[in-house]
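The block underneath contains the structure these notes are about, expressed in structure tokens.
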Number of protein chains: 2
Amino acid sequence: MPVQKKSRIVKARLRQSSPAATRRERVQSKEDAIIAAAHKSLVARGFAKTTMSQIARNAGVAEGTLYLYFSNKNALARAVVAAFYYRLTETAKTGVAKCATTRQKLEFLARHHLENIIGERRLLELIASDVRNTQAYEGSDIYKMNREYVAVFDDVMRDGVWRGEIEDGAAQWIKRDIFFGSLEYAMRTLLMKKRSNKKDIAAVVAELVKLIIGGSSARAKPVSDRDLIKAVERVDAAASRLERLSAVKM
Amino acid sequence: MPVQKKSRIVKARLRQSSPAATRRERVQSKEDAIIAAAHKSLVARGFAKTTMSQIARNAGVAEGTLYLYFSNKNALARAVVAAFYYRLTETAKTGVAKCATTRQKLEFLARHHLENIIGERRLLELIASDVRNTQAYEGSDIYKMNREYVAVFDDVMRDGVWRGEIEDGAAQWIKRDIFFGSLEYAMRTLLMKKRSNKKDIAAVVAELVKLIIGGSSARAKPVSDRDLIKAVERVDAAASRLERLSAVKM
DNA sequence: ATATATGATGAATATCACTCAGTGGTTAAA
DNA sequence: TTTAACCACTGAGTGATATTCATCATATAT
């Protein structure tokens, strides 16, 4: 059968001409395609309304193939969420690095989080409803990625305390809950308002940061000698850091 | 088929001996039974894992009967959530009425909310994932019941401002989001901790109320000190910028 | 007593997640 | 080159589940 044979050769050529050359690469790119297709459907329609056949069609594979890469629909959804967390963490880190003060960092983080969860709100449902309840959440991929993400916030807060820009008040996990919880709830409210816009986002961010920063230090008495001393220490520390850097350069 | 007939007669006798006499009452009590059965399964297993046949069996009706009372599984779940909100609102109102100060009212509301959503956390998933997204949420039963529930909080806040026990800071809806959002997120954290207990709940409640009440009044301060702090911030920020520049150069 | 309306039923249908027996193409050994 | 073993893939088939509908039972009205 020369015809069949020819078609096979053509197929092989086509595949070789495509960027993914090695077997491993091909498998990897297929996994990426599946995750991308799943992500698209999940964001557009939510978990319940995305079907595996939809995903398979969009990814250009057979339905059965999905199960070679992910044990079931939940696992696939989890992979999508993990990828989302990864992106979120990266952009959060680079954004924070560009901010000078703790206040600016927190404002950036809040706006960043809010804007992203508004865009991909359907993924949040997954985290809340499916992932956190089922089986051993701790130790799962999502758990780890979530830890890494909130660590960005934790670092900013720790640093802020060290710098003296926020007071060392309640337990860290409580502050964290207040920060992210408020934002997620605000997201719902914003989505319900017909014309929710940047002004509203800015208002939520401002108020939340005010609470987290100002709320803690509101307990302190009017600025006094202790505060002055602390301020001087901070200037001193900053100077020392500069000196160290200069020394290295020379 | 005498056997069939007999069983039907027995059923009928049993039914007649039950208290509900009129047609309307019988229908009502059947609806209640269905909602109760659905509630039980939803709380125990979550939306995805409760089946209509399960509910029908527990309610003592045929599967088709469910669809005489609720157009589909979602509508049934919504009815369950509405009933939950109703109960929640009632107990919240009576509880608040017993408190003297705004602080006490807020503490009660926070604890009450947290304890209840921990107990029926699976219903919360429904609200977030299924109900709020689908169709016209506004105008729905759930929307109305949710409004009534949060109105309890709003009233307490308004009253607190009027009494002068809290300052009139940010927009009401933002405070509301911070209050309920923090609690819902805290719930997840508490559920993940192995031995989450009353101490943790108390800590969250205390910190949140502190923020809501105390945070707003943080603005009034001597000017000169603030200027001083600002100046130090600027020095510190400048130092950070220098550090980053040096790092890049090297 | 009969007719009508109301309520209830569960077998049948459609849709979906998931499985599995089989195909084809690739690599390595003979 | 030929052969064999392996790997990635396929899609028709299976079972579970929400929803429908033709039919029956009971209560109410005439």
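Numbered from 1 within each chain, the chains take letters A, B, ... in sequence-line order.
With rounding to whole Å, A:Arg57 atom CZ is found 13 Å from C:dT15 atom P. Atom pair B:Asn72:CG and D:dT20:P shows a separation of 8 Å (rounding to whole Å applied). Residue A:Asn74 contributes atom CG, which lies 11 Å from atom P of C:dA17 at whole-angstrom precision. Spacing between atom CD1 of B:Ile55 and atom C1' of D:dT19 amounts to 13 Å, rounded to whole angstrom units. Computed from coordinates, the A:Phe70 CZ to C:dA17 C1' distance equals 16 Å when rounded to whole Å. As a whole-Å value, the separation of B:Arg26 CZ from D:dA27 P is 6 Å. The interatomic distance linking B:Glu25 (CD) with C:dG7 (P) rounds to 14 Å, in whole Å. For the pair A:Met52 CE and C:dC18 P, the computed distance is 6 Å after rounding to whole Å.
Counted by atom type alone, B:Asn146 and B:Tyr85 present one or more donor-acceptor pairs between their side chains at under 3.5 Å.
Checked against ring pair (Phe, Tyr, Trp, His ring centres under 6.0 Å), A:Phe180 has the following partners two or more places apart in sequence or in another chain: A:His113, A:Tyr149, A:Phe153. Applying the side chain to side chain contact (heavy atoms under 4.5 Å, CB included) criterion to B:Ala59, with sequence neighbours excluded, gives B:Ile34, B:Ala37, B:Val61. Considering only residues two or more places apart in sequence or on other chains, A:Thr51 meets the side chain to side chain contact (heavy atoms under 4.5 Å, CB included) condition with A:Ser53, A:Gln54. With sequence neighbours left out, the side chain to side chain contact (heavy atoms under 4.5 Å, CB included) criterion links B:Ala186 to A:Asp177, B:Val204.
Listed by first then second residue, pairs satisfying salt bridge (Lys or Arg N to Asp or Glu O under 4.0 Å) with a partner in residues 146-157 of chain B read B:Asp154-B:Arg176, B:Asp155-B:Arg158, not counting sequence neighbours.
For B:Lys49, no side-chain nitrogen or oxygen approaches OP1 or OP2 of D:dT17 to under 4.0 Å. For A:Lys73, no side-chain nitrogen or oxygen approaches OP1 or OP2 of C:dC16 to under 4.0 Å.
Cation-pi geometry between A:Lys73 and A:Phe47 is met: under 6.0 angstrom from the ring centre, within 45 degrees of the axis.
Residues of residues 58-69 of chain A having a heavy atom closer than 4.0 Å to DNA chain D, listed by number: A:Val61, A:Ala62, A:Gly64, A:Thr65, A:Leu68, A:Tyr69.
Residue contacts shown for B:Thr50 are limited to sugar-phosphate atoms, with no base heavy atom under 4.0 Å away.
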